[in-house]
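To start, the structure itself, in structure tokens.
In the text below, chain A, chain B and the rest are named by the order of the sequence lines, each starting its count at 1.
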Amino acid sequence: MFVRGIIGILFAEIDVMENYDTLSIPEATILQNELRKRVDISERELSIRCIGGADISLNLYSSTIYAGIILLSFPALQPMGWSLVKAETHFPYVPGYLAFREVPALTEAWKRLAIKPDVLIVDGHGIAHPRRLGIAAHFGVETGQPSMGCAKKLLTGKYSEPGLLVGDHSPIMAGTEQIGYAFRSKSKTAPVFVSPGHLLGMENSLQIIRQCVGKYRIPEPTRLAHELVNRFRRGELPEGAG
DNA sequence: GCGACAG
DNA sequence: ATCTTGTCGC
């Protein structure tokens with residue numbers, strides 16, 4: 001079983017089919033620890049003209065998932081494209097291993113995009129993860145694209161409640177290491193949790209999310225991606241890109 | 001052993 | 001994640 005482990009993981013790393021479905025949790029953990037070595041969250045000057053939002057929708061107790069990516073102009077945040085993909089997943093939902101369920105479908109949706117966004121915001125965490133490889137970081141490393149995470153709940157780490165006004169924020173700490181920010185996207189409303197995924201830094205992620213806030217608690221890229229995949233799941237929209 | 005636990 | 005009406009508070 002140990003042999004299968006090593007070979008299986010190396011295979012999974014290069015397998016274009018991204019067949020994560022048969023990986024065990026211990027194998028998935030080894031793969032995460034391998035991929036984390038490739039994460040780059042150094043700060044940089046980003047010129048963003050297009051930003052993307054990625055999310056998944058599903059029916060309870062079903063192995064079918066509906067993945068989607070929405071493209072928005074930046075900083076105007078006007079819709080300029082999308083990609084929708086229906087797929088099957090057999091990897092269970094286990095906190096800390098979300099990527100193994102959603103990344104394959106999101107990667108397929110990514111490939112079908114005619115235009116790639118300069119930055120992709122994934123619904124979930126970036127490095128604010130037990131092994132610093134949340135779904136946004138995992139997706140970024142596998143696709144080689146700038147990414148960051150924006151989650152509604154904390155997975156790991158601690159933070160002190162930020163001020164109550166929109167824009168207020170406080171660091172999410174894992175011991176002495178900062179792994180993200182608790183960000184008040186709407187006054188007197190629960191904060192969202194942001195963290196860099198890949199090819200952009202901690203401060204970059206904060207500046208980006210600041211410019212993605214609209215009228216609601218959930219930043220526009222994530223909110224619109226959620227709305228998009230839900231309509232897709234209900235059959236109100238067809239699979240494809242545009 | 002106990003509590004926590006993205007979507 | 002998804003299923004759902006009303007209700008509390010600014």
Looking at [options], which one has an atom nearest to any side-chain atom of [X]?
X: D55(A); options: dG7(B), dC5(B), dT2(C); value: dG7(B)
X: H226(A); options: dC10(C), dA6(B), dA1(C); value: dA1(C)
X: L60(A); options: dT2(C), dG7(B), dC5(B); value: dT2(C)

key: Same apolar cluster (I L V M F W Y, side chains within < 4.5 Å links), V85(A)/L237(A)   = no

query = For the hydrophobic clusters of this structure (ILVMFWY residues joined by side-chain heavy atoms under 4.5 Å, transitively), does one cluster hold both V213(A) and I48(A)?
reply = yes

ask   = Stepwise, does the side-chain hydrogen bond (donor to acceptor under 3.5 Å, both in side chains) test hold for D123(A) with T222(A)?
value = CA-CA 6 Å; D123(A) 189 13; T222(A) 301; 5.4 Å; no

OP1, OP2 of [N] versus side-chain N and O of [X]: anything below 4.0 Å?
X: K152(A); N: dA6(B); result: no
X: R233(A); N: dC3(C); result: yes
X: N59(A); N: dA1(C); result: no
X: H129(A); N: dG7(B); result: no

Under 4.0 Å, heavy atoms only, any strand: does [X] hit a base, just the sugar-phosphate, or nothing?
X: G96(A); result: base
X: S57(A); result: sugar-phosphate
X: L154(A); result: sugar-phosphate
X: Y97(A); result: base

query = Quick one: does S185(A)'s side chain have a donor or acceptor within less than 3.5 Å of a partner on R217(A)'s backbone?
reply =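 At least one qualifying donor-acceptor pair exists.
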
Over how many whole Å does the gap from [X] atom [atom1] to [N] atom [atom2] extend?
X: Y61(A); N: dG7(B); atom1: OH; atom2: P; value: 18 Å
X: I218(A); N: dG7(B); atom1: CD1; atom2: C1'; value: 12 Å
X: L98(A); N: dA1(C); atom1: CG; atom2: P; value: 10 Å
X: L228(A); N: dA1(C); atom1: CG; atom2: P; value: 15 Å
X: K153(A); N: dA1(C); atom1: NZ; atom2: P; value: 7 Å
X: I121(A); N: dA6(B); atom1: CD1; atom2: C1'; value: 16 Å
X: I172(A); N: dA6(B); atom1: CD1; atom2: P; value: 13 Å
X: F193(A); N: dA4(B); atom1: CZ; atom2: P; value: 16 Å

ask   = How about S63(A) and E88(A): does a side-chain donor come under 3.5 Å of a side-chain acceptor?
value =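 Indeed, the side chains of S63(A) and E88(A) share at least one donor-acceptor pair under 3.5 Å.
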
ask   = With a 3.5 Å cut-off and no angle check, do the side chains of Q32(A) and T29(A) form a donor-acceptor pair?
value =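 Per modelled atom types, Q32(A) and T29(A) side chains form no pair under 3.5 Å.
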
key: Pair R44(A) + E203(A): basic N to acidic O under 4.0 Å   = no

request  = Tell me which of I56(A) and K188(A) sits closer to the 5' end of DNA chain C, going by the nucleotide each one is nearest to.
outcome  = I56(A)

Whether Y93(A) stacks on the six-membered ring of dG7(B) base, 5.5 Å and 30° limits =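 Y93(A) ring centre within cut-off of dG7(B) base, planes near parallel; stacks.
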
task = Using salt bridge (charged side-chain N to carboxylate O under 4.0 Å, His left out) as the criterion, point out the one residue from R112(A), K86(A), R233(A) that pairs with E239(A).
result = R112(A)

message = Expected output check: what is the dot-bracket annotation of DNA chain B, where ( ) and [ ] are pairs inside the strand (brackets for crossing ones), | is paired with another strand, and pairs are Watson-Crick or G-U under 3.5 Å?
response = .......

